[in-house]
Amino acid sequence: MPGRNLISIADLSNNEIEQIFELADSAPKLRSDKAADGRIMATLFYEPSTRTRLSFESAMQRLGGSVISCSDMKASSTAKGETVADTAKVVSSYADVLVVRHYWDGAVQAMAEYADVPVINAGDGGHEHPSQTLCDLYTLKKEKGGLKGLTVVICGDLKNGRTIHSLVWALARFEANIVTLAANGMELPQYVLERLERDYGYSLAPVASGDLSAVVTETDALYLTPKQPHQLALFTEVDSVVQSRLNSMVSGLRYDAFYMTRKQKERMKEGTTGSSYPTIGAGFLREQRFKDTVVMHPLPRVDELSPEVDKDRRGIYFKQAAYGVPIRMALLKFLFDQGERKPLSGKQRPTRYESPERLAPQCPNANCITLKEPSSTRRRFDLLFTGAGGALILRCIYCDHRFKVQLVGHAKSKRYCAYDIALADTVKGWLRKKELAIFNSIKEAEELGYEPYKSGPQRTVMDEAEIHSAVEAMTRQILGDCSDLERLLILGIRTKGSLLAQRIGAEMERQQERKPEVGEIEIYSSGDELRRVSPADPEAGPMNLKDRTIILVDDVIYTGRTVKSALTIIFQSGRPQSVRLAVLIDRGHREVPVKPNYVGKNIPSSERERVRVKLREAEHDERDKVVIYSIISPAEA
Ligand code: CP
């Protein structure tokens with residue numbers, strides 16, 4: 001039994017974090033007691049580090065323990081192709097604890113599964129860095145007396161900064177307010193926001209906050225709000241408590257801490273690192289309203305935080321780094337004392353899912369260990385039913401990225417069908433019996449010998465000519481509202497929405513003799529959610545959303561959740577001037593307050609019905625059509 005690991009900040013309860021803080025307060029005693037006498041720590045750093053590695057090593061030595069290490073993992077057997085699984089297995093027989101930093105998301109979780117001793121995540125790709133969060137929280141508590149009710153502004157690269165992801169989850173748990181001030185296109189990833197919302201009831205809403213701009217020199221990069229109020233309504237459901245908290249943050253002007261981060265260039269694709277980035281400089285020191293706002297940074301800094309702040313009492317980042325030693329002494333002592341005890345007893349784990357089939361669903365994160373080194377992992381997920389009317393979501397247990405289940409199958413009868421809310425109970429039954437198969441595509445289901453379930457008879461509700469006229473009419477209306485084609489971006493939700501967006505683009509070209517830019521958006525992917533479709537110029541770089549008029553296109557709108565997710569991605573990726581919504585079919589019924597601006601046809605329909613748009617580009621059918629049919633539950637089929 002390997003004992004307790006620290007892979008995610010979620011592995012510690014709030015109470016345990018407080019216990020670690022108390023231990024850190026007594027670091028001199030831990031030192032004199034030689035709390036780790038006779039124990040060995042192995043540090044395996046596949047990525048560079050100064051603070052985390054040296055403070056862990058210092059902490060272990062101050063506890064009377066000793067340290068073994070590979071000075072450069074490139075000079076270890078990793079260079080000969082050794083897997084992380086084998087490295088973990090072997091090194092854990094030489095040491096009593098492993099401290100690991102790796103460039104792949106989820107790699108430390110994978111190593112913990114093979115190690116026979118506790119494993120500490122010292123940073124895994126762009127995912128988490130929980131021991132840094134312990135330093136951050138401890139520093140904040142020391143400076144501000146507590147964590148509850150603090151307002152912390154996190155600034156910079158929130159997308160790739162692993163310290164940020166662990167930190168915002170922890171701040172939410174300690175009931176602090178979080179203001180995001182991200183560099184353009186580097187906003188918090190969707191999986192971080194979703195956990196904030198699902199697990200901690202936080203809804204990060206855009207707020208007007210011009211008062212922050214004075215302290216950040218690249219004001220252009222500020223992102224807190226789309227200014228148009230209708231977009232706010234579209235964007236998120238903000239309950240009254242959250243809204244009043246946000247309002248008071250804006251008007252009350254009490255910001256307890258600015259947490260600045262470096263642009264994580266090592267996690268960006270070549271050619272995408274050049275955009276502007278916020279910086280904190282001398283202006284911050286002069287602002288009377290920030291007189292008690294401390295400035296934090298996990299370090300290393302590059303040029304986003306001016307050395308002018310170093311001498312100011314509010315610049316506490318070197319103190320924050322220094323706390324690394326007592327906090328890590330405390331953490332080691334805490335984990336050693338846990339011995340063979342199991343992980344958090346009170347921790348509610350969602351349902352685990354592993355496919356009974358040889359082809360399992362694939363994590364959408366290209367940097368996930370499950371894709372980088374499949375032999376060291378098993379594709380396992382948490383299965384999340386998002387409630388009434390909701391989708392079925394898989395969350396990768398290694399890297400937290402998630403995606404929506406489209407196709408489910410029954411492993412015993414070898415039948416598959418598209419997942420629908422009406423199937424929720426049936427699917428739960430299959431899950432209990434370990435008979436639930438989930439597929440990435442129909443092709444995959446068919447390769448495994450699955451055949452489709454039956455459905456009720458189909459009725460055509462729109463034929464080819466009607467679809468053509470609807471696209472023509474919507475295009476005319478869009479052009480009537482948005483004459484500036486330079487500014488216009490037609491953005492379709494993959495797959496059918498993207499095909500319709502391309503048709504609208506072609507129709508615009510026919511009506512105006514000018515081609516608008518067309519792109520597509522992938523809702524449950526991560527990383528490359530946005531892609532230019534036309535003009536298809538590989539040199540053109542990422543799509544720019546700033547100040548654009550976006551026409552978001554989808555085939556069918558029902559609950560509005562897909563559109564909500566698309567809007568979240570859009571506002572995380574830039575600051576458009578406005579977003580309008582065009583859909584071919586509006587089924588009525590909405591869970592999210594979204595109203596399309598352009599509708600091809602209204603087809604009110606119930607939950608037990610499916611409306612499918614068939615487009616000749618995507619289907620074997622030669623003609624376009626929209627069909628409606630009832631779902632016969634697999635249980636009844
Ligand atoms: N804060 C932090 O993780 O620093 P290092 O990369 O130097 O370890």
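Owing to the predicted nature of the structure, the values given are computational and were not obtained by experimental measurement. When a ligand or atom number is given, it counts from 1 through the structure's own listing order.
For atom 3 (O) of ligand 1, the nearest non-hydrogen atom from the set Arg51, His129, Arg162 belongs to His129.
For atom 6 (O) of ligand 1, the closest heavy atom belonging to the protein is Arg101 NH1, 2.9 Å.
With a heavy-atom cut-off of 4.0 Å, Leu299 touches ligand 1 through its backbone alone.
Ion pairing between Asp25 and Lys142 holds under the 4.0 Å rule for side-chain N and carboxylate O. Between Asp310 and Arg301 a salt bridge is recorded (basic side-chain N to carboxylate O distance below 4.0 Å). Of the charged side-chain nitrogens involved, at least one lies within less than 4.0 Å of a carboxylate oxygen, so that Lys141 and Glu18 count as a salt-bridged pair.
Set against the non-hydrogen atoms of Thr50, the atoms of ligand 1 under 4.0 Å away are 5 (P), 7 (O), 8 (O).
Of the N and O atoms on the side chains of Asp136 and Tyr323, not one donor lies less than 3.5 Å from an acceptor on the other residue.
Note: Arg395 CZ to Asp382 CG = 4.5 Å, rounded to the nearest 0.5 Å.
On a distance-only criterion, Gln132 and ligand 1 share at least one N/O pair closer than 3.5 Å.
Ligand 1 lies out of reach of Glu47, whose nearest heavy atom is not under 4.0 Å from it.
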